[in-house]
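One structure is given below, encoded as structure tokens.
If you read the sequence from its start, that first residue is 1, and numbering goes on from there.
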Amino acid sequence: MANSYIEYTATGIGTNGLGQATFSFENLDVLNANDVNIFGRLANDTKVALTISSRDASAKTITLSASPAAAYCTKVRVYRSTTSNALVDFVDGARLTESDLDTAYKQGLFVAQEVSEDAGAVGTQLTNLNNLTLAGTTTVANLTASGTVSIPTSNFAKLFVTNSAPQTLTANTLTDVVLNDEERDNTNSFANNTFTPPANGYYCIQGQVEVNCTDPNDLSHVEIQIDKSGSTINGTIQSISETHASGGSNTNMTKASVSTFAIDYLTTNQPIKLRVKANSGAGTLQIIAQRAALGIFQLA
């Protein structure tokens with residue numbers, strides 16, 4: 001199932017049928033209902049514009065001004081188009097909230113999925129061509145060919161790794177996150193806590209670390225970053241801090257979770273690492289087992 005769109009093909013006036021005007025995006029994860037759009041396709045795969053009457057965020061439905069059957073549609077696609085403009089502005093010294101972290105992470109993930117799937121693309125239909133070479137995004141509705149047809153498959157890198165055991169940290173020291181549990185590495189590009197791009201291109205990179213302290217309520221700072229070739233990728237340093245109130249009670253944390261992401265162009269000689277730094281007044285600092293992760297998806 002696609003991540004950024006849903007297609008409906010049922011005829012009639014039943015739920016999500018082509019004979020009525022309201023379609024559900026209940027199974028489509030979105031940040032804002034206004035990010036949801038829709039179009040139809042004719043039998044020859046020609047794209048047909050459909051006029052939106054309204055969107056209902058609570059019911060997760062999109063309603064057209066007229067039934068798509070009037071345009072002889074054989075298929076309707078409801079798709080997401082997330083803005084690439086920053087939705088969250090992290091400010092030095094401000095406390096990170098789960099809502100802000102979720103929004104920032106999901107925005108990067110959604111944009112990456114949409115770039116990969118290109119749900120709103122028109123596509124091109126070509127006929128009566130010999131020795132055809134295609135690049136980019138190509139949509140073929142029906143293919144009739146003689147001779148030899150060779151269709152190469154892409155092998156874009158998909159990586160997801162976590163930590164199977166706790167990792168002890170030295171206070172206030174930037175440290176490589178130990179990631180030894182490979183859930184997915186389809187291009188064998190990860191070793192020694194390092195991802196080496198298998199090909200030049202754009203990549204979506206997400207990282208998360210949760211740190212605790214054995215001395216309750218004495219964790220004061222956690223910071224993570226994504227390094228490329230030993231240097232921090234701009235905008236990926238994210239942190240959370242708490243301090244003792246002067247003359248007051250201990251207001252520090254027992255544990256804290258921080259996440260970060262980037263979409264960046266990488267070459268095959270630019271390795272990627274997730275790094276962490278933490279501090280506390282006392283006690284032992286640890287990355288919690290199964291609470292650190294690095295996910296990388298090659299876009300193009």
Side-chain angles (χ1 to χ4, degrees), residues 1-5 25 27-36 57 60 79-117 119 156-163 177 179 181-185 190 193 195 197 202-212 221-228 232-241 253 255-266 272-278 287-300:
M1 178 178 174
N3 293 298
S4 65
Y5 64 89
F25 58 91
N27 295 323
L28 200 62
D29 199 1
V30 300
L31 293 174
N32 190 308
N34 290 328
D35 293 340
V36 180
K60 300 200 75 173
Y79 68 99
R80 184 187 66 220
S81 181
T82 306
T83 178
S84 59
N85 296 325
L87 296 178
V88 180
D89 182 15
F90 294 105
V91 179
D92 287 342
R95 181 168 184 171
L96 295 177
T97 66
E98 180 182 3
S99 175
D100 285 345
L101 290 172
D102 285 346
T103 297
Y105 171 78
K106 284 188 174 182
Q107 183 186 18
L109 176 63
F110 290 175
V111 170
Q113 290 171 343
E114 291 155 19
V115 170
S116 174
E117 295 176 346
F156 282 3
K158 302 175 185 69
L159 175 76
F160 182 70
V161 289
T162 62
N163 62 327
V177 178
L179 299 163
D181 189 357
E182 295 185 16
E183 302 289 336
R184 172 173 292 187
D185 181 12
F190 189 82
N193 311 311
F195 171 78
Y202 283 96
Y203 291 77
C204 179
I205 311 164
Q206 291 108 16
Q208 180 171 328
V209 171
E210 185 170 353
V211 175
N212 71 356
H221 181 81
V222 177
E223 176 180 301
I224 66 172
Q225 65 189 52
I226 300 171
D227 278 11
K228 177 176 71 172
T232 308
I233 297 178
N234 290 339
T236 64
I237 297 178
Q238 301 295 338
S239 65
I240 183 169
S241 299
M253 307 167 287
K255 63 181 179 179
S257 178
V258 186
S259 63
T260 187
F261 82 94
I263 296 177
D264 201 9
Y265 186 86
L266 306 178
I272 295 294
K273 285 189 175 184
L274 184 63
R275 310 194 75 195
V276 64
K277 180 169 63 175
I287 300 176
I288 303 172
Q290 296 296 324
R291 290 295 186 271
L294 176 65
I296 299 178
F297 184 82
Q298 184 180 353
L299 303 177

Rounded to the nearest 0.5 Å, what separation is found between the [atom1] atom of [X] and the [atom2] atom of [Y]?
| X | Y | atom1 | atom2 | answer |
| --- | --- | --- | --- | --- |
| Ser257 | Ile240 | OG | CD1 | 8.5 Å |
| Asp29 | Lys106 | CG | NZ | 4.5 Å |
| Asp227 | Ile233 | CG | CD1 | 8.0 Å |
| Ile263 | Gln206 | CD1 | CD | 8.0 Å |
| Arg275 | Gln225 | CZ | CD | 6.5 Å |
| Lys273 | Lys228 | NZ | NZ | 16.0 Å |

- [ ] For a side chain to side chain contact (heavy atoms under 4.5 Å, CB included) with Thr162, tell me which candidate from Glu183, Gln208, Glu182 qualifies.
- [x] Glu183
Side-chain donor-acceptor pairs under 3.5 Å in residues 289-300, sequence neighbours left out?
unit_1: Gln290; atom_1: NE2; unit_2: Asn163; atom_2: O; d: 3.2
unit_1: Gln298; atom_1: OE1; unit_2: Ala157; atom_2: N; d: 2.9

Task: Test salt bridge (charged side-chain N to carboxylate O under 4.0 Å, His left out) applied to Lys60 - qualifying residues, sequence neighbours left out - done: none
- [ ] Could you tell me which residues satisfy salt bridge (charged side-chain N to carboxylate O under 4.0 Å, His left out) with Asp181, sequence neighbours excluded, listed by chain and number?
- [x] none
Task: Side chains of Asn212 and Glu210, donor plus acceptor under 3.5 Å - done: no
- [ ] Step by step, work out the side chain to side chain contact (heavy atoms under 4.5 Å, CB included) result for Ile226 and Ile272.
- [x] CA-CA 7 Å; Ile226 300 171; Ile272 295 294; 3.8 Å; yes
So, the side chain of [X] versus the backbone of [Y]: is there a donor-acceptor pair under 3.5 Å, distance only?
| X | Y | answer |
| --- | --- | --- |
| Glu117 | Asn3 | yes |
| Ser116 | Ala112 | no |
| Thr82 | Phe110 | no |

Open item on the list: Could you tell me if the side chain of Leu179 sits less than 4.5 Å from the side chain of Phe190, heavy atoms only?
Closed with: yes
Heavy-atom pair of closest approach, residues [X] and [Y]:
| X | Y | answer |
| --- | --- | --- |
| Thr260 | Gly235 | OG1-O, 4.4 Å |
| Phe25 | Ala33 | CZ-CB, 4.2 Å |
| Glu114 | Ser4 | CG-CB, 3.7 Å |
| Leu159 | Phe195 | CD2-CD1, 3.7 Å |
| Val258 | Ile224 | O-CD1, 3.2 Å |
| Asn85 | Thr83 | N-OG1, 3.1 Å |

- [ ] Decide side chain to side chain contact (heavy atoms under 4.5 Å, CB included) for Leu266 and Ile205; before the verdict, give the C-alpha distance in whole Å, the side-chain angles of both, and the deciding distance to 0.1 Å.
- [x] CA-CA 11 Å; Leu266 306 178; Ile205 311 164; 4.2 Å; yes
